[in-house]
There are 2 protein chains.
Amino acid sequence: MITSTRKERERLEREAKILDLARSMLRQVGYHGLSMDRIAAEMEYSKGTIYQHFPNKEEIILALANQALEQRLGMFQQAATWSPKSRERMAGIGAAAEEFVERYPLHFAVEQIIRSASMWEKTSEERRKFMRSCDQRCLQIVSGVVRDGVAQDDLALPANTTPEDLVFGLWSLNFGAYTVITSSDTLEENGIANPIATLRRSQNLLLDGYGWQPLSSEVDYDQVMDQVRAEVFGDEQPNTP
Amino acid sequence: MITSTRKERERLEREAKILDLARSMLRQVGYHGLSMDRIAAEMEYSKGTIYQHFPNKEEIILALANQALEQRLGMFQQAATWSPKSRERMAGIGAAAEEFVERYPLHFAVEQIIRSASMWEKTSEERRKFMRSCDQRCLQIVSGVVRDGVAQDDLALPANTTPEDLVFGLWSLNFGAYTVITSSDTLEENGIANPIATLRRSQNLLLDGYGWQPLSSEVDYDQVMDQVRAEVFGDEQPNTP
DNA sequence: GTCATTTATTGACGCATAGTCAATAATTGT
DNA sequence: ACAATTATTGACTATGCGTCAATAAATGAC
(Lines give C-alpha, C1' and ligand atoms only; values in the text may rest on other atoms or scores of the structure.)
Protein backbone atom coordinates (compact mmCIF):
# COMPACT_ATOMS: atom_id res chain seq x y z
CA MET A 1 0.00 0.00 0.00
CA ILE A 2 1.38 3.41 -1.03
CA THR A 3 1.44 5.96 1.78
CA SER A 4 -1.70 8.03 1.70
CA THR A 5 -0.98 11.61 0.75
CA ARG A 6 -3.05 13.12 3.52
CA LYS A 7 -1.49 10.93 6.17
CA GLU A 8 1.97 11.77 5.03
CA ARG A 9 1.13 15.47 4.90
CA GLU A 10 -0.21 15.42 8.44
CA ARG A 11 2.86 13.58 9.60
CA LEU A 12 5.24 16.11 8.09
CA GLU A 13 3.16 18.94 9.45
CA ARG A 14 3.37 17.60 12.95
CA GLU A 15 7.05 16.96 12.58
CA ALA A 16 7.55 20.59 11.60
CA LYS A 17 5.47 21.65 14.59
CA ILE A 18 7.62 19.60 16.92
CA LEU A 19 10.74 21.21 15.54
CA ASP A 20 9.30 24.71 15.77
CA LEU A 21 8.33 24.06 19.33
CA ALA A 22 11.71 22.59 20.19
CA ARG A 23 13.44 25.60 18.70
CA SER A 24 11.39 28.12 20.62
CA MET A 25 11.81 26.06 23.77
CA LEU A 26 15.52 26.10 23.22
CA ARG A 27 15.40 29.87 23.12
CA GLN A 28 13.32 30.17 26.22
CA VAL A 29 14.83 27.59 28.53
CA GLY A 30 18.16 26.73 26.93
CA TYR A 31 19.62 23.43 25.93
CA HIS A 32 19.29 21.88 29.34
CA GLY A 33 15.68 22.92 29.70
CA LEU A 34 14.71 21.15 26.49
CA SER A 35 12.89 17.97 27.50
CA MET A 36 10.81 15.42 25.68
CA ASP A 37 8.13 15.55 28.38
CA ARG A 38 7.79 19.25 27.97
CA ILE A 39 7.63 19.02 24.21
CA ALA A 40 4.92 16.39 24.54
CA ALA A 41 2.96 18.45 27.05
CA GLU A 42 3.21 21.60 24.98
CA MET A 43 2.21 19.72 21.82
CA GLU A 44 -0.74 18.19 23.66
CA TYR A 45 0.36 14.78 22.53
CA SER A 46 1.73 12.01 24.65
CA LYS A 47 5.40 11.26 24.79
CA GLY A 48 5.01 8.05 22.83
CA THR A 49 3.72 9.95 19.84
CA ILE A 50 6.68 12.30 19.86
CA TYR A 51 8.91 9.25 19.91
CA GLN A 52 7.15 8.05 16.76
CA HIS A 53 8.73 11.00 15.00
CA PHE A 54 12.12 11.22 16.63
CA PRO A 55 13.80 8.26 18.27
CA ASN A 56 15.63 10.45 20.78
CA LYS A 57 16.39 13.98 21.80
CA GLU A 58 19.66 14.17 19.93
CA GLU A 59 17.85 13.46 16.71
CA ILE A 60 15.65 16.50 17.29
CA ILE A 61 18.65 18.71 17.89
CA LEU A 62 20.32 17.39 14.78
CA ALA A 63 17.16 18.01 12.76
CA LEU A 64 17.15 21.59 14.02
CA ALA A 65 20.78 21.96 13.05
CA ASN A 66 20.01 20.65 9.60
CA GLN A 67 17.29 23.25 9.16
CA ALA A 68 19.82 25.89 10.14
CA LEU A 69 22.46 24.60 7.76
CA GLU A 70 19.94 24.51 4.93
CA GLN A 71 18.89 28.05 5.66
CA ARG A 72 22.45 29.27 5.53
CA LEU A 73 23.10 27.34 2.37
CA GLY A 74 20.31 29.30 0.71
CA MET A 75 21.73 32.59 1.91
CA PHE A 76 25.17 31.65 0.61
CA GLN A 77 23.68 30.79 -2.74
CA GLN A 78 22.08 34.19 -2.95
CA ALA A 79 25.27 35.96 -1.97
CA ALA A 80 27.47 33.97 -4.32
CA THR A 81 25.91 35.50 -7.42
CA TRP A 82 25.85 39.07 -6.26
CA SER A 83 28.72 40.63 -8.18
CA PRO A 84 30.76 39.81 -11.27
CA LYS A 85 33.93 40.45 -9.29
CA SER A 86 35.06 37.33 -7.47
CA ARG A 87 36.42 39.05 -4.42
CA GLU A 88 33.30 41.11 -3.99
CA ARG A 89 31.27 37.94 -4.14
CA MET A 90 33.48 36.56 -1.42
CA ALA A 91 32.76 39.62 0.67
CA GLY A 92 29.09 38.99 -0.05
CA ILE A 93 29.36 35.53 1.42
CA GLY A 94 30.95 37.03 4.48
CA ALA A 95 27.98 39.36 4.68
CA ALA A 96 25.63 36.40 4.37
CA ALA A 97 27.37 34.63 7.24
CA GLU A 98 27.00 37.77 9.31
CA GLU A 99 23.36 38.16 8.42
CA PHE A 100 22.71 34.52 9.27
CA VAL A 101 24.11 34.77 12.75
CA GLU A 102 22.36 38.02 13.50
CA ARG A 103 19.04 37.10 12.02
CA TYR A 104 18.87 33.57 13.39
CA PRO A 105 20.96 33.55 16.55
CA LEU A 106 19.21 30.41 17.66
CA HIS A 107 20.21 28.61 14.51
CA PHE A 108 23.79 29.47 15.21
CA ALA A 109 23.43 28.35 18.80
CA VAL A 110 22.16 24.99 17.59
CA GLU A 111 25.08 24.69 15.23
CA GLN A 112 27.45 25.34 18.09
CA ILE A 113 25.80 22.63 20.16
CA ILE A 114 26.00 20.13 17.33
CA ARG A 115 29.65 20.89 16.61
CA SER A 116 30.86 20.57 20.16
CA ALA A 117 28.74 18.17 22.14
CA SER A 118 29.19 14.52 21.35
CA MET A 119 25.78 13.38 20.30
CA TRP A 120 26.62 11.33 17.27
CA GLU A 121 26.27 7.91 18.82
CA LYS A 122 22.50 8.00 18.94
CA THR A 123 21.64 9.87 15.78
CA SER A 124 20.59 8.33 12.49
CA GLU A 125 22.98 7.95 9.62
CA GLU A 126 20.43 9.62 7.38
CA ARG A 127 20.40 12.91 9.22
CA ARG A 128 24.15 12.85 9.69
CA LYS A 129 24.50 12.38 5.97
CA PHE A 130 22.23 15.33 5.32
CA MET A 131 24.33 17.48 7.59
CA ARG A 132 27.51 16.47 5.81
CA SER A 133 25.86 17.23 2.52
CA CYS A 134 24.89 20.74 3.66
CA ASP A 135 28.40 21.37 4.87
CA GLN A 136 29.75 20.09 1.61
CA ARG A 137 27.47 22.07 -0.66
CA CYS A 138 28.25 25.18 1.37
CA LEU A 139 31.94 24.54 1.00
CA GLN A 140 31.48 24.01 -2.74
CA ILE A 141 29.67 27.29 -3.21
CA VAL A 142 32.43 29.22 -1.51
CA SER A 143 35.28 27.33 -3.10
CA GLY A 144 33.51 27.91 -6.42
CA VAL A 145 33.99 31.61 -5.88
CA VAL A 146 37.64 30.96 -5.14
CA ARG A 147 37.96 29.02 -8.38
CA ASP A 148 36.38 31.92 -10.24
CA GLY A 149 38.96 34.21 -8.71
CA VAL A 150 41.72 31.93 -9.89
CA ALA A 151 40.17 31.62 -13.34
CA GLN A 152 39.92 35.38 -13.66
CA ASP A 153 43.52 35.82 -12.55
CA ASP A 154 42.54 37.81 -9.50
CA LEU A 155 44.13 35.21 -7.30
CA ALA A 156 46.92 32.66 -7.45
CA LEU A 157 46.89 29.96 -4.82
CA PRO A 158 50.15 28.90 -3.18
CA ALA A 159 51.56 25.51 -4.04
CA ASN A 160 49.82 22.55 -2.42
CA THR A 161 46.80 24.66 -1.64
CA THR A 162 43.29 23.90 -2.79
CA PRO A 163 40.44 26.40 -2.97
CA GLU A 164 38.92 24.38 -0.13
CA ASP A 165 41.97 25.08 2.00
CA LEU A 166 41.40 28.79 1.62
CA VAL A 167 37.75 28.35 2.54
CA PHE A 168 38.68 26.27 5.56
CA GLY A 169 40.53 29.29 6.90
CA LEU A 170 37.56 31.59 6.44
CA TRP A 171 35.20 29.02 7.87
CA SER A 172 37.33 28.55 10.97
CA LEU A 173 37.74 32.26 11.40
CA ASN A 174 34.01 32.86 11.23
CA PHE A 175 32.90 29.97 13.36
CA GLY A 176 35.57 30.68 15.95
CA ALA A 177 34.86 34.38 16.07
CA TYR A 178 31.14 34.00 16.62
CA THR A 179 31.74 31.34 19.25
CA VAL A 180 34.15 33.56 21.12
CA ILE A 181 31.80 36.51 20.80
CA THR A 182 28.90 34.48 22.11
CA SER A 183 30.79 32.98 25.00
CA SER A 184 32.75 35.95 26.23
CA ASP A 185 31.16 39.09 27.56
CA THR A 186 34.37 40.86 28.41
CA LEU A 187 35.73 41.46 24.94
CA GLU A 188 35.16 45.18 25.02
CA GLU A 189 36.96 45.74 28.29
CA ASN A 190 39.84 43.67 26.95
CA GLY A 191 40.47 45.94 24.01
CA ILE A 192 38.21 44.35 21.41
CA ALA A 193 35.63 47.05 21.06
CA ASN A 194 33.86 45.86 17.95
CA PRO A 195 34.43 42.16 17.34
CA ILE A 196 32.26 42.02 14.22
CA ALA A 197 34.28 44.77 12.59
CA THR A 198 37.43 42.96 13.67
CA LEU A 199 36.18 39.74 12.13
CA ARG A 200 35.53 41.59 8.89
CA ARG A 201 39.02 43.01 8.92
CA SER A 202 40.58 39.65 9.71
CA GLN A 203 38.79 38.10 6.77
CA ASN A 204 39.87 40.88 4.46
CA LEU A 205 43.46 40.72 5.58
CA LEU A 206 43.54 36.95 5.25
CA LEU A 207 42.35 37.29 1.67
CA ASP A 208 44.86 40.09 1.15
CA GLY A 209 47.47 37.68 2.42
CA TYR A 210 46.50 35.30 -0.37
CA GLY A 211 46.91 38.23 -2.74
CA TRP A 212 43.33 38.16 -3.95
CA GLN A 213 42.86 41.26 -6.12
CA PRO A 214 41.73 43.88 -5.61
CA LEU A 215 43.13 44.12 -2.12
CA SER A 216 41.17 45.58 0.75
CA SER A 217 43.46 48.59 0.62
CA GLU A 218 42.06 49.40 -2.80
CA VAL A 219 38.39 48.60 -2.33
CA ASP A 220 36.24 49.29 0.69
CA TYR A 221 34.82 45.81 1.26
CA ASP A 222 33.22 46.98 4.44
CA GLN A 223 30.95 49.06 2.32
CA VAL A 224 30.39 46.21 -0.10
CA MET A 225 29.28 44.01 2.77
CA ASP A 226 26.89 46.62 4.08
CA GLN A 227 25.52 46.97 0.59
CA VAL A 228 24.98 43.23 0.20
CA ARG A 229 23.26 43.06 3.52
CA ALA A 230 20.98 45.92 2.62
CA GLU A 231 20.19 44.95 -0.96
CA VAL A 232 20.18 41.18 -0.85
CA PHE A 233 18.94 40.52 2.65
CA GLY A 234 17.58 43.91 3.63
CA ASP A 235 13.85 43.62 3.10
CA GLU A 236 13.32 40.03 4.08
CA GLN A 237 11.71 39.58 7.41
CA PRO A 238 12.98 36.89 9.75
CA ASN A 239 10.34 34.28 9.07
CA THR A 240 11.99 31.35 10.78
CA PRO A 241 12.89 32.55 14.25
CA MET B 1 40.55 28.32 64.67
CA ILE B 2 43.03 28.43 61.82
CA THR B 3 42.58 25.64 59.30
CA SER B 4 44.83 22.77 60.16
CA THR B 5 47.50 22.29 57.55
CA ARG B 6 47.04 18.55 57.29
CA LYS B 7 43.29 18.81 56.89
CA GLU B 8 43.59 21.40 54.20
CA ARG B 9 46.21 19.35 52.41
CA GLU B 10 44.04 16.27 52.45
CA ARG B 11 41.15 18.28 51.17
CA LEU B 12 43.08 19.67 48.22
CA GLU B 13 44.47 16.25 47.48
CA ARG B 14 41.04 14.73 47.27
CA GLU B 15 39.82 17.61 45.18
CA ALA B 16 42.62 16.96 42.72
CA LYS B 17 41.72 13.29 42.70
CA ILE B 18 38.11 14.07 41.89
CA LEU B 19 39.18 16.25 38.99
CA ASP B 20 41.60 13.66 37.67
CA LEU B 21 38.90 11.07 37.82
CA ALA B 22 36.35 13.34 36.18
CA ARG B 23 38.77 14.07 33.39
CA SER B 24 39.55 10.46 32.67
CA MET B 25 35.86 9.61 32.88
CA LEU B 26 35.20 12.33 30.38
CA ARG B 27 37.62 10.68 28.03
CA GLN B 28 36.16 7.25 28.48
CA VAL B 29 32.44 7.89 28.49
CA GLY B 30 32.10 11.41 27.13
CA TYR B 31 30.35 14.41 28.51
CA HIS B 32 27.00 12.71 28.84
CA GLY B 33 28.45 9.72 30.61
CA LEU B 34 29.98 11.88 33.31
CA SER B 35 27.83 11.52 36.40
CA MET B 36 28.19 12.43 40.03
CA ASP B 37 27.08 8.97 41.10
CA ARG B 38 29.76 7.37 39.04
CA ILE B 39 32.42 9.73 40.30
CA ALA B 40 31.37 8.94 43.86
CA ALA B 41 31.39 5.20 43.22
CA GLU B 42 34.76 5.29 41.53
CA MET B 43 36.22 7.44 44.30
CA GLU B 44 34.82 5.06 46.89
CA TYR B 45 33.23 7.95 48.67
CA SER B 46 29.58 8.71 48.96
CA LYS B 47 27.93 11.30 46.83
CA GLY B 48 27.47 13.67 49.73
CA THR B 49 31.21 13.89 50.20
CA ILE B 50 31.76 14.77 46.55
CA TYR B 51 29.19 17.51 46.99
CA GLN B 52 31.27 18.88 49.86
CA HIS B 53 33.89 19.73 47.26
CA PHE B 54 31.81 20.79 44.29
CA PRO B 55 28.27 22.11 44.60
CA ASN B 56 27.27 20.74 41.19
CA LYS B 57 28.47 19.04 38.07
CA GLU B 58 28.97 22.22 36.11
CA GLU B 59 31.41 23.43 38.72
CA ILE B 60 33.54 20.33 38.15
CA ILE B 61 33.58 20.91 34.41
CA LEU B 62 34.50 24.54 34.92
CA ALA B 63 37.29 23.53 37.29
CA LEU B 64 38.62 21.16 34.63
CA ALA B 65 38.44 23.94 32.06
CA ASN B 66 40.36 26.23 34.38
CA GLN B 67 43.12 23.65 34.73
CA ALA B 68 43.29 23.48 30.95
CA LEU B 69 43.41 27.24 30.54
CA GLU B 70 46.14 27.50 33.15
CA GLN B 71 48.14 24.83 31.40
CA ARG B 72 47.93 26.64 28.11
CA LEU B 73 48.80 29.92 29.72
CA GLY B 74 52.05 28.38 30.88
CA MET B 75 52.82 27.08 27.43
CA PHE B 76 52.13 30.48 25.92
CA GLN B 77 54.45 32.09 28.44
CA GLN B 78 57.22 29.73 27.44
CA ALA B 79 56.64 30.33 23.76
CA ALA B 80 56.43 34.09 24.08
CA THR B 81 60.08 34.46 25.00
CA TRP B 82 61.53 32.11 22.46
CA SER B 83 63.00 34.49 19.90
CA PRO B 84 64.09 38.11 19.77
CA LYS B 85 62.11 38.56 16.57
CA SER B 86 58.53 39.47 17.28
CA ARG B 87 56.99 37.60 14.39
CA GLU B 88 58.92 34.46 15.21
CA ARG B 89 57.66 34.65 18.75
CA MET B 90 54.17 34.92 17.33
CA ALA B 91 54.80 31.77 15.31
CA GLY B 92 56.01 30.20 18.53
CA ILE B 93 52.71 30.94 20.20
CA GLY B 94 50.99 29.30 17.28
CA ALA B 95 53.19 26.28 17.86
CA ALA B 96 52.26 26.29 21.53
CA ALA B 97 48.57 26.31 20.66
CA GLU B 98 49.16 23.37 18.36
CA GLU B 99 51.14 21.48 20.95
CA PHE B 100 48.46 22.12 23.54
CA VAL B 101 45.67 20.66 21.46
CA GLU B 102 47.71 17.66 20.42
CA ARG B 103 49.18 16.89 23.78
CA TYR B 104 46.02 17.46 25.80
CA PRO B 105 43.12 16.76 23.48
CA LEU B 106 40.86 16.31 26.46
CA HIS B 107 41.72 19.73 27.75
CA PHE B 108 40.69 21.18 24.47
CA ALA B 109 37.49 19.14 24.50
CA VAL B 110 36.66 20.58 27.91
CA GLU B 111 37.28 24.08 26.63
CA GLN B 112 34.90 23.46 23.76
CA ILE B 113 32.24 22.26 26.15
CA ILE B 114 32.65 25.28 28.38
CA ARG B 115 32.51 27.72 25.46
CA SER B 116 29.39 26.32 23.87
CA ALA B 117 27.12 24.80 26.46
CA SER B 118 25.32 27.21 28.72
CA MET B 119 26.36 26.23 32.18
CA TRP B 120 27.04 29.59 33.71
CA GLU B 121 23.90 29.87 35.78
CA LYS B 122 24.99 27.36 38.36
CA THR B 123 28.71 28.01 38.61
CA SER B 124 30.44 30.11 41.21
CA GLU B 125 31.55 33.63 40.50
CA GLU B 126 34.97 32.71 41.83
CA ARG B 127 35.70 30.09 39.20
CA ARG B 128 34.19 32.19 36.46
CA LYS B 129 36.48 34.99 37.47
CA PHE B 130 39.48 32.70 37.36
CA MET B 131 38.52 31.64 33.86
CA ARG B 132 38.21 35.21 32.70
CA SER B 133 41.56 35.96 34.25
CA CYS B 134 43.22 33.09 32.36
CA ASP B 135 41.68 34.26 29.12
CA GLN B 136 42.81 37.76 29.84
CA ARG B 137 46.37 36.91 30.79
CA CYS B 138 46.62 34.76 27.68
CA LEU B 139 45.38 37.61 25.56
CA GLN B 140 47.85 39.94 27.21
CA ILE B 141 50.79 37.68 26.50
CA VAL B 142 49.94 37.48 22.84
CA SER B 143 49.04 41.13 22.42
CA GLY B 144 52.31 41.90 24.19
CA VAL B 145 54.12 40.24 21.31
CA VAL B 146 52.08 42.35 18.94
CA ARG B 147 53.08 45.48 20.80
CA ASP B 148 56.72 44.44 20.57
CA GLY B 149 56.28 44.08 16.84
CA VAL B 150 54.87 47.58 16.64
CA ALA B 151 57.62 48.96 18.87
CA GLN B 152 60.29 47.37 16.71
CA ASP B 153 58.68 48.74 13.55
CA ASP B 154 58.02 45.28 12.15
CA LEU B 155 54.34 45.99 12.12
CA ALA B 156 52.01 48.95 11.80
CA LEU B 157 48.45 48.41 12.88
CA PRO B 158 45.62 49.87 10.78
CA ALA B 159 43.69 52.79 12.19
CA ASN B 160 41.18 51.92 14.91
CA THR B 161 42.86 48.62 15.51
CA THR B 162 44.27 47.46 18.82
CA PRO B 163 46.81 44.69 19.30
CA GLU B 164 43.97 42.80 20.93
CA ASP B 165 41.96 43.03 17.73
CA LEU B 166 44.74 41.29 15.86
CA VAL B 167 44.90 38.60 18.51
CA PHE B 168 41.15 38.16 18.38
CA GLY B 169 41.53 37.15 14.75
CA LEU B 170 44.18 34.57 15.51
CA TRP B 171 42.26 33.29 18.50
CA SER B 172 39.10 32.85 16.46
CA LEU B 173 40.98 31.20 13.66
CA ASN B 174 42.61 28.70 15.98
CA PHE B 175 39.61 27.88 18.08
CA GLY B 176 37.38 27.59 15.03
CA ALA B 177 39.84 25.46 13.11
CA TYR B 178 40.31 22.94 15.89
CA THR B 179 36.59 22.78 16.49
CA VAL B 180 35.92 22.12 12.82
CA ILE B 181 38.70 19.56 12.70
CA THR B 182 37.36 17.78 15.74
CA SER B 183 33.77 17.75 14.59
CA SER B 184 34.19 16.89 10.94
CA ASP B 185 35.70 13.67 9.72
CA THR B 186 35.24 14.36 6.05
CA LEU B 187 37.70 17.19 5.60
CA GLU B 188 40.13 15.16 3.60
CA GLU B 189 37.61 13.94 1.07
CA ASN B 190 36.40 17.52 0.69
CA GLY B 191 39.75 18.83 -0.45
CA ILE B 192 41.28 19.79 2.89
CA ALA B 193 44.00 17.20 3.09
CA ASN B 194 46.01 18.62 5.95
CA PRO B 195 43.95 20.98 8.08
CA ILE B 196 46.74 21.68 10.55
CA ALA B 197 49.04 22.80 7.76
CA THR B 198 46.18 24.88 6.39
CA LEU B 199 45.64 26.48 9.76
CA ARG B 200 49.32 27.36 9.89
CA ARG B 201 49.16 28.93 6.46
CA SER B 202 46.01 30.86 7.30
CA GLN B 203 47.67 32.29 10.36
CA ASN B 204 50.76 33.24 8.41
CA LEU B 205 48.76 34.86 5.64
CA LEU B 206 46.61 36.76 8.10
CA LEU B 207 49.76 38.18 9.68
CA ASP B 208 51.14 38.87 6.21
CA GLY B 209 47.91 40.75 5.54
CA TYR B 210 48.71 42.96 8.51
CA GLY B 211 52.13 43.49 6.95
CA TRP B 212 54.03 42.03 9.89
CA GLN B 213 57.68 41.78 8.81
CA PRO B 214 59.32 39.61 7.79
CA LEU B 215 56.51 38.13 5.70
CA SER B 216 55.98 34.42 5.42
CA SER B 217 57.27 34.62 1.87
CA GLU B 218 60.66 35.59 3.25
CA VAL B 219 60.91 33.34 6.28
CA ASP B 220 59.82 29.75 6.59
CA TYR B 221 57.65 30.00 9.68
CA ASP B 222 56.57 26.44 9.25
CA GLN B 223 60.10 25.46 10.09
CA VAL B 224 60.20 27.91 12.98
CA MET B 225 57.08 26.32 14.43
CA ASP B 226 58.50 22.83 14.10
CA GLN B 227 61.64 24.06 15.79
CA VAL B 228 59.74 25.60 18.68
CA ARG B 229 57.75 22.46 19.16
CA ALA B 230 60.88 20.36 19.19
CA GLU B 231 63.09 22.57 21.32
CA VAL B 232 60.65 24.15 23.74
CA PHE B 233 58.10 21.40 24.12
CA GLY B 234 59.91 18.44 22.66
CA ASP B 235 61.24 16.55 25.65
CA GLU B 236 58.47 17.17 28.12
CA GLN B 237 56.30 14.21 28.72
CA PRO B 238 52.56 14.70 28.94
CA ASN B 239 52.22 14.61 32.71
CA THR B 240 48.63 15.79 32.98
CA PRO B 241 46.62 13.57 30.64
C1' DG C 1 41.58 8.27 79.36
C1' DT C 2 36.67 10.07 79.09
C1' DC C 3 33.21 12.41 77.16
C1' DA C 4 30.98 16.47 75.09
C1' DT C 5 31.34 19.10 70.95
C1' DT C 6 32.43 19.83 66.50
C1' DT C 7 33.22 18.15 61.90
C1' DA C 8 32.98 14.68 58.20
C1' DT C 9 30.55 11.02 55.91
C1' DT C 10 26.81 8.45 54.49
C1' DG C 11 23.06 6.79 51.60
C1' DA C 12 18.13 6.89 51.37
C1' DC C 13 15.00 10.15 49.51
C1' DG C 14 12.49 13.56 46.39
C1' DC C 15 12.21 15.03 42.08
C1' DA C 16 13.13 15.37 37.05
C1' DT C 17 13.91 13.20 32.65
C1' DA C 18 14.96 9.58 28.77
C1' DG C 19 13.09 5.99 26.61
C1' DT C 20 9.84 1.48 26.41
C1' DC C 21 5.81 -1.11 25.68
C1' DA C 22 1.44 -3.41 26.59
C1' DA C 23 -3.09 -1.68 26.56
C1' DT C 24 -6.44 1.19 24.36
C1' DA C 25 -8.48 4.03 20.75
C1' DA C 26 -9.03 5.34 16.05
C1' DT C 27 -8.91 4.40 11.22
C1' DT C 28 -9.28 1.67 7.26
C1' DG C 29 -10.76 -1.77 3.96
C1' DT C 30 -14.08 -5.29 2.88
C1' DA D 1 -20.86 -4.15 10.62
C1' DC D 2 -16.74 -5.71 11.84
C1' DA D 3 -12.02 -7.54 11.42
C1' DA D 4 -7.47 -5.92 10.69
C1' DT D 5 -4.37 -2.49 10.79
C1' DT D 6 -2.42 1.65 12.58
C1' DA D 7 -1.99 5.43 15.94
C1' DT D 8 -1.97 7.00 20.61
C1' DT D 9 -1.50 6.73 25.33
C1' DG D 10 0.63 6.98 29.89
C1' DA D 11 2.26 3.93 33.44
C1' DC D 12 6.70 2.00 34.14
C1' DT D 13 11.83 1.34 34.46
C1' DA D 14 16.11 3.23 34.78
C1' DT D 15 19.22 6.83 35.57
C1' DG D 16 20.85 11.11 37.37
C1' DC D 17 21.02 15.47 40.27
C1' DG D 18 21.03 17.44 44.53
C1' DT D 19 19.40 17.33 49.74
C1' DC D 20 19.50 16.29 54.46
C1' DA D 21 18.71 13.83 58.74
C1' DA D 22 21.23 10.25 60.79
C1' DT D 23 25.59 8.26 61.84
C1' DA D 24 30.57 8.05 62.42
C1' DA D 25 34.98 10.11 63.23
C1' DA D 26 37.99 13.53 65.04
C1' DT D 27 39.02 16.98 68.33
C1' DG D 28 39.94 19.12 72.55
C1' DA D 29 38.78 20.21 77.50
C1' DC D 30 39.31 18.17 81.83
Can you tell me how far C1' of dT6(C) sits from CD of Gln52(B), to the nearest Å? 14 Å
Whole-Å distance, Glu44(B) CD to dT9(C) C1', equals 15 Å
Specify the separation, in whole Å, of atom CD1 of Ile50(A) and atom P of dG10(D). 12 Å
From NE2 of His53(A) over to P of dG19(C), roughly how many Å is that when rounded to an integer? 16 Å
Of the options dT8(D), dG18(D), dA18(C), whose atoms approach the side-chain atoms of Asp37(A) most closely? dA18(C)
From C-beta outward on Glu58(B), which listed nucleotide comes closest to its side chain: dG19(C), dG11(C), dG18(D)? dG18(D)
Does NZ or CZ of Lys57(A) come closer than 6.0 Å to the centre of the six-membered ring of Tyr31(A), within 45° of the ring's axis? yes
Check every strand shown and say whether Leu34(A) touches a base, only sugar-phosphate, or nothing at a heavy-atom separation below 4.0 Å. sugar-phosphate
Please report the distance, rounded to the nearest Å, between CD1 in Ile61(B) and P in dC17(D). 10 Å
Residue mapping more 5' on DNA chain D - nearest nucleotide basis, Lys57(B) or Gly48(B): Lys57(B)
Is the phosphate of dT7(C) approached by Arg11(B) (side-chain N or O, under 4.0 Å from OP1 or OP2)? no
I need the CD-P distance between Glu121(A) and dA18(C), as an integer number of Å. 16 Å
Round to the nearest Å and state the distance from Tyr51(B) atom OH to dA12(C) atom P. 16 Å
Would you check if the side chain of Asn174(A) reaches a backbone N or O of Gly94(A) as a donor-acceptor pair within less than 3.5 Å? no
By nearest atom, which of the nucleotides dT9(C), dT8(D), dG19(C) is closest to the Thr49(A) side chain? dT8(D)
We want to know whether Gln67(A) and Arg23(A) form a side-chain donor-acceptor pair, criterion being a heavy-atom distance below 3.5 angstrom. yes
Check this for me: does any side-chain nitrogen of one of Asp185(A) and Arg128(B) sit under 4.0 Å from a carboxylate oxygen of the other? no
Is Lys47(A) close enough to dT8(D) that one of its side-chain N or O atoms is under 4.0 Å from OP1 or OP2 there? no
Using only side-chain N and O atoms of Ser46(B), determine if any of them is under 4.0 Å from OP1 or OP2 of dG11(C). no
Among the nucleotides dT8(D), dT17(C), dG18(D), which one has an atom lying closest to any side-chain atom of Ser35(A)? dT17(C)
Rounded to whole angstroms, how far apart are CD on Glu59(A) and P on dG19(C)? 11 Å
How are the rings of Trp171(A) and Phe168(A) set relative to one another: parallel (under 30°), tilted (30 to 60°) or perpendicular (over 60°)? perpendicular
Side-chain contact check for Met36(A): nearest option of dA18(C), dT19(D), dT8(D) is dA18(C)
Look at the side-chain N and O atoms of Arg38(A) and state whether any lies under 4.0 Å from the OP1 or OP2 oxygen of dA18(C). no
